[in-house]
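Within every chain, numbering begins at 1; the chains are lettered A, B, ... in the order of the sequence lines, protein sequences first and strands thereafter. The structure displayed is predicted, hence computed values, not measured ones. The analysis underlying the following values was restricted to heavy atoms, covering all of them including side chains, and did not include hydrogens, waters or symmetry mates.
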2 protein chains.
Amino acid sequence: MDENELPRVLQQLWGIEGRSRPGPKPAFHISDIARAAIKLADAGGLGAVSMSKVAAELGFTTMSLYRYVDAKDDLYVVMLEHAFAEPPVLDPELDWRGRITAWAEAFRDALRRHPWILQIPIQEPPLSPNQLAWMESGLDAFDGTPLTPQDRLSAMLLVNIYVRGTAQLTANMRTEPDEVREADRLYTERLTMLATPDRFPGIAATLEQPVDEGYAGDFDAAEFGFGLNTVLDGIHTRITRQTP
Amino acid sequence: MDENELPRVLQQLWGIEGRSRPGPKPAFHISDIARAAIKLADAGGLGAVSMSKVAAELGFTTMSLYRYVDAKDDLYVVMLEHAFAEPPVLDPELDWRGRITAWAEAFRDALRRHPWILQIPIQEPPLSPNQLAWMESGLDAFDGTPLTPQDRLSAMLLVNIYVRGTAQLTANMRTEPDEVREADRLYTERLTMLATPDRFPGIAATLEQPVDEGYAGDFDAAEFGFGLNTVLDGIHTRITRQTP
DNA sequence: GCACACTGTGTGCGCCATACACAGATCATA
DNA sequence: TATGATCTGTGTATGGCGCACACAGTGTGC
């Protein structure tokens with residue numbers, strides 16, 4: 001095997017400690033950076049996270065961060081890793097459908113806690129410990145089904161994509177529900193003005209049906225499960241087709 | 001109706017021309033801005049798009065762009081609108097499944113042509129003409145089914161999300177296929193090293209199965225349709241459940 | 001006790017989005 | 001036809017950003 005070393009961040013996240021070396025002791029740890037950055041992001045979105053702001057939050061200079069992190073992208077990796085703490089422990093009593101549903105809801109909750117996750121530009125597939133643990137947890141949900149490992153991966157990714165996608169849609173995630181409602185009202189108003197029935201009959205039809213009050217709050221509760229069940233129905237079809 | 005005017009960009013995209021006014025004639029049009037920006041983005045990703053670069057491409061100063069566009073976000077709106085030209089015309093001979101498949105493939109192709117679309121931070125739901133035309137086209141695919149307008153919206157969004165999500169996954173979209181293959185090789189190598197069977201049995205199992213050669217090329221062709229069919233199976237289940 | 005690798009710091013560069021003031025162009029109106 | 005309002009593109013300036021680099025001090029292994 002060649003000296004194809006892992007990037008430094010991943011080494012640190014996996015706890016591959018370097019032997020004791022000369023020089024001053026590090027004043028803090030990447031987990032401190034993660035905490036500070038997440039605090040800023042939770043409060044003001046990903047845009048509020050800059051090297052200088054994070055450093056200031058820690059009480060150090062901007063450049064000191066670069067002793068722990070090679071570039072801004074690495075900061076994102078560390079933030080993600082800490083935002084996704086331990087994956088949910090899935091009840092083995094449940095069937096695959098119950099398990100993957102619990103997994104999806106845990107994922108959704110994490111995204112709701114840290115909406116900035118959706119703003120992070122994804123450059124590379126995940127390799128950090130907690131990310132892999134979530135992957136494993138999602139795959140394990142299909143234990144007992146006749147699905148092949150590849151099919152399980154596809155199914156898990158499908159659910160993953162669904163959760164991300166729906167979260168993205170509601171990612172007008174202003175923390176204030178009033179703002180969400182107002183933005184939604186303005187949107188439907190404009191849509192009603194622009195999507196006239198003659199040119200956009202399909203869109204207009206969806207607008208005619210009165211939207212439930214408290215729509216924003218209801219979406220996550222009802223609509224999320226509704227769409228998820230559609231996805232799971234598709235996976236179910238594949239499973240039954242697998243065992244004729 | 002209050003003076004709740006549309007943002008300027010949307011007005012221009014909808015061709016709401018202001019009456020003739022004093023002052024010099026504009027030297028160009030937002031579509032010129034869109035073309036220049038898309039050219040840059042196609043070549044170097046969204047990061048290569050800056051106000052100064054776009055302006056230089058047009059042969060004007062940076063600040064001149066602000067006479068046409070209120071902020072950078074508006075530039076993104078214009079880019080999106082022009083990248084999604086006319087939506088696909090769906091063959092009415094096909095059933096809903098054939099139609100929405102064609103729609104999904106057209107969407108995927110657009111994303112493949114302009115990968116930077118996935119990098120655009122989405123702030124607001126779409127209101128521009130071509131975006132709505134795509135929405136309408138996707139909704140129309142379900143004509144003839146017993147689905148309610150709301151269900152059609154959900155189904156269309158589900159497919160939309162699926163296409164975006166899978167494109168995101170393969171959005172290591174280096175234009176060079178060699179780079180994709182190399183990145184993929186490196187990833188599986190590292191994953192094999194980190195996801196040991198004792199701690200991550202599920203992940204390890206997916207790695208054991210030998211991956212087809214030409215994986216990167218095959219994904220879009222085979223895997224895309226496979227996953228899409230799973231989603232459509234779910235929608236099919238909902239349709240048949242609708243009509244007992 | 002020495003050499004050296006490492007620490008946090010300060011300075012500085014190039015790029016970015018965009019606020020603002022300005023001179024010239026052009027239309028509606030007198 | 002003259003004029004004033006209002007638009008145009010431009011030049012300049014500001015504050016922020018990520019990050020390269022040189023530096024002085026610190027602690028470890030020899």
Nearest to the side chain of B:Ala27 - D:dC21, D:dG9, D:dG25? D:dG9
Sugar-phosphate only, base, or nothing, as touched by B:Ser64 at under 4.0 Å among non-hydrogen atoms: base
What is the distance from CG of B:Asp70 to P of C:dT18, rounded to the nearest Å? 10 Å
Given the rule in the side chain to side chain contact (heavy atoms under 4.5 Å, CB included) test, do B:Phe200 and A:Asp140 qualify, once you have shown the distances and angles that lead to the verdict? CA-CA 9 Å; B:Phe200 300 102; A:Asp140 293 350; over 6 Å; no
For the residue pair A:Phe84 and A:Trp134, does the interplanar ring angle fall in the parallel (under 30°), tilted (30 to 60°) or perpendicular (over 60°) class? perpendicular
Which residue lies toward the 5' end of DNA chain D, B:Phe60 or B:Gly23, if each is placed at its nearest nucleotide? B:Gly23
Answer yes if the side chains of A:Gln150 and B:Thr206 hold a donor-acceptor pair under 3.5 Å, and no otherwise. no
So, is A:Thr61 near the phosphate of C:dG8, with a side-chain N or O under 4.0 Å from OP1 or OP2? no
Could you state the atom-to-atom distance from NE2 of A:His29 to P of C:dG8 in whole Å? 12 Å
Measure from the ring center of A:Tyr162 to the ring center of A:Phe107 and say whether it is less than 6.0 Å. no
Rounded to whole Å, how long is the line connecting atom CG of B:Leu46 with atom P of C:dA17? 10 Å
Taking NZ, NE, NH1 and NH2 as the nitrogens, is one of them in B:Glu189 or B:Arg185 under 4.0 Å from a carboxylate oxygen of the other? yes
A:Ile33 CD1 to C:dT7 P: how many Å, rounded? 12 Å
Looking only at side-chain atoms of B:Pro22, point me to the closest of C:dT18, C:dT26, C:dT7. C:dT26
Counting the atoms with a prime plus P, OP1 and OP2 as sugar-phosphate, which does A:Ser52 contact under 4.0 Å by heavy atoms, base, sugar-phosphate, or nothing? sugar-phosphate
5'-most contact on DNA chain C: A:Tyr68 or B:Tyr66, nearest heavy atom basis? A:Tyr68
Gap between atoms CZ and P, on B:Arg67 and C:dC22 respectively (whole Å): 14 Å
When we call it a touch if two heavy atoms are under 4.0 Å apart, what does B:Met51 touch: a base, just sugar-phosphate, or nothing? sugar-phosphate
To the nearest angstrom, how far is A:Lys72 atom NZ from D:dA20 atom C1'? 17 Å
Just how far, in rounded Å, is P of C:dT11 from CE of A:Met63? 14 Å
Please state whether the phosphate of D:dG16, meaning OP1 or OP2, lies under 4.0 angstrom from any side-chain nitrogen or oxygen of A:Lys53. no
Could you check how far CG of A:Leu65 sits from C1' of C:dT9, rounded to whole Å? 12 Å
Return whichever of B:Lys25 or B:Gly47 has its heavy-atom-nearest nucleotide of DNA chain C closer to the 5' end. B:Gly47
